[in-house]
Structures are given as C-alpha cells and as structure tokens.
Amino acid sequence: MAIYFIRHGQSEFNAAFQGDIDPLIFDAPLTQLGFEQASEARKTIAELEIKRVIASPLTRALQTANTIFDGIAPIEVRHGHHELLKYSGDVGRHPDALSVDFPDLSFGHLPPRWWYPHEGSEDLVPKEPEQVFQNRIANFVETLATIESENVAIVGHGNAFQEVIGFMLQNCQIHQYR
C-alpha cells in the first residue's frame, strides 16, 4: 500500500501571479500547460497501480485528477487538503457550481462553504490564519492513517503538501508519501 501526493498542474493563477499583486483569478482553472503537465503525469502513473484518487475540490486539482486518472481509478472529492487561503485562486466554489463543471464527480457531501469561512470579513480574499491551516492539514493527515489496503493518489496543492512533507512540489510532481 502506498500513498502518492500529486500537485495540480499549472493554473491560470500560477501563470499570472508575479509575487506581489493578486491577479484576482478565483478558483483558477488549469492553463494549457497545466493540462499538458497532467497528460505527461498520466503516462507515468500506470506503473503505480493507483486504485483510488482523492482530489481537492478546487478546480485546478479536479481538472488535474480527471486528466491523469480518467478511466484508470475512481475520483473521490474531499476537502481538508485544499490550499492555504491567501489569494483569489484559493477561494473555492459552492458544490452546486462544481457539479455543473464536473458532472461525473460527487459533491453532495461537501458543505456549501468548504474553504476557510470568513464570516464578518469584508476582505475580497480573506487570509486563512496559519494555525487554522496547520490544524486542518494535521486533521487531514490523520485521515490518511485509515488507508491500509490500496494504492491511493492525493491530488492537491503546494502549500498543503509542503506542510506535510517539508518541501514544495512542482506542478504535477508525483511524490510517494508513504
């Protein structure tokens, strides 16, 4: 049994962000390069014998999971390992909206606002407190302990995986966690 972390392909936010001004691309989809990165990852995934995929509900992760694993392994959508909310690209969408774009995936189990809730905040893009993020990722890691009998891929995000493994994965990099 193995667990693999796979960071999503390049998103429109990744391509536009220069490190200082948020380009305000909410729930950023993949770029053409991002789709190409995911297609390349698909070529190497067969030898890993993945039986199940867990994807973040952010669009770029869902598109990456679909591109890599369509017809190979079932995709389960879970929140908990979604990105640290710092920028517009990290703001999620309501499950109903996701269902329209990804009709073959199930979102009914997600709360309406599964990303960091910022009640009372007037910020367009609120910042998730670091301790809240760290606790969320620690809780997600605890759920991985229940995976015992099959090879699983977790498709997610740079900061979330970095919190677990201590370094940043490149777009569509595959890392064996366990």
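What you see is a predicted model; the values in this text were computed from it and never measured. All residue numbers in this chain count up from 1 along the given sequence. Values below: every heavy atom of this structure, side chains too, minus hydrogens, waters and symmetry copies.
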Going by the side chain to side chain donor-acceptor pair (under 3.5 Å) test, which pairs reach into residues 56-67, not counting sequence neighbours? His8-Arg60, Asp27-Thr59, Ser56-His157, Thr59-Arg93, Arg60-Asp90

Sequence neighbours left out, what pairs pass side chain to side chain donor-acceptor pair (under 3.5 Å) with at least one residue falling in residues 143-156? Arg52-Glu150

Determine, stepwise, if the pair Thr31 / Glu12 fulfils side-chain hydrogen bond (donor to acceptor under 3.5 Å, both in side chains). CA-CA 5 Å; Thr31 61; Glu12 290 180 7; over 6 Å; no

Only pairs at least two apart or in different chains count here, so list each ring pair (Phe, Tyr, Trp, His ring centres under 6.0 Å) that has a residue in residues 25-73. none

By salt bridge (Lys or Arg N to Asp or Glu O under 4.0 Å), Glu163 pairs with (sequence neighbours left out) none

Which residues share a salt bridge (Lys or Arg N to Asp or Glu O under 4.0 Å) with Glu49, sequence neighbours left out: none

Taking only residues two or more places apart in sequence, or in another chain, which ones meet Pro23 in a side-chain contact (heavy atoms from CB on, under 4.5 Å)? Phe13, Ala16, Phe17, Ile25

Return the set of residues passing side-chain hydrogen bond (donor to acceptor under 3.5 Å, both in side chains) with Gln37 (not counting sequence neighbours), or none when no residue passes. none

For Asp22, enumerate each residue passing the side-chain hydrogen bond (donor to acceptor under 3.5 Å, both in side chains) test, keeping only those at least two apart in sequence or located in another chain. Ser88

Checking [X] now: which residues fulfil ring-ring contact (aromatic ring centres under 6.0 Å, His included) with it, not counting sequence neighbours?
{"X": "Phe5", "result": "Phe161, Tyr177"}
{"X": "Trp114", "result": "His82"}
{"X": "His175", "result": "Phe167"}

With clusters built from Ile, Leu, Val, Met, Phe, Trp and Tyr whose side-chain heavy atoms come within less than 4.5 Å, directly or transitively, what are the remaining members of the cluster of Ile21, listed by chain and number? none

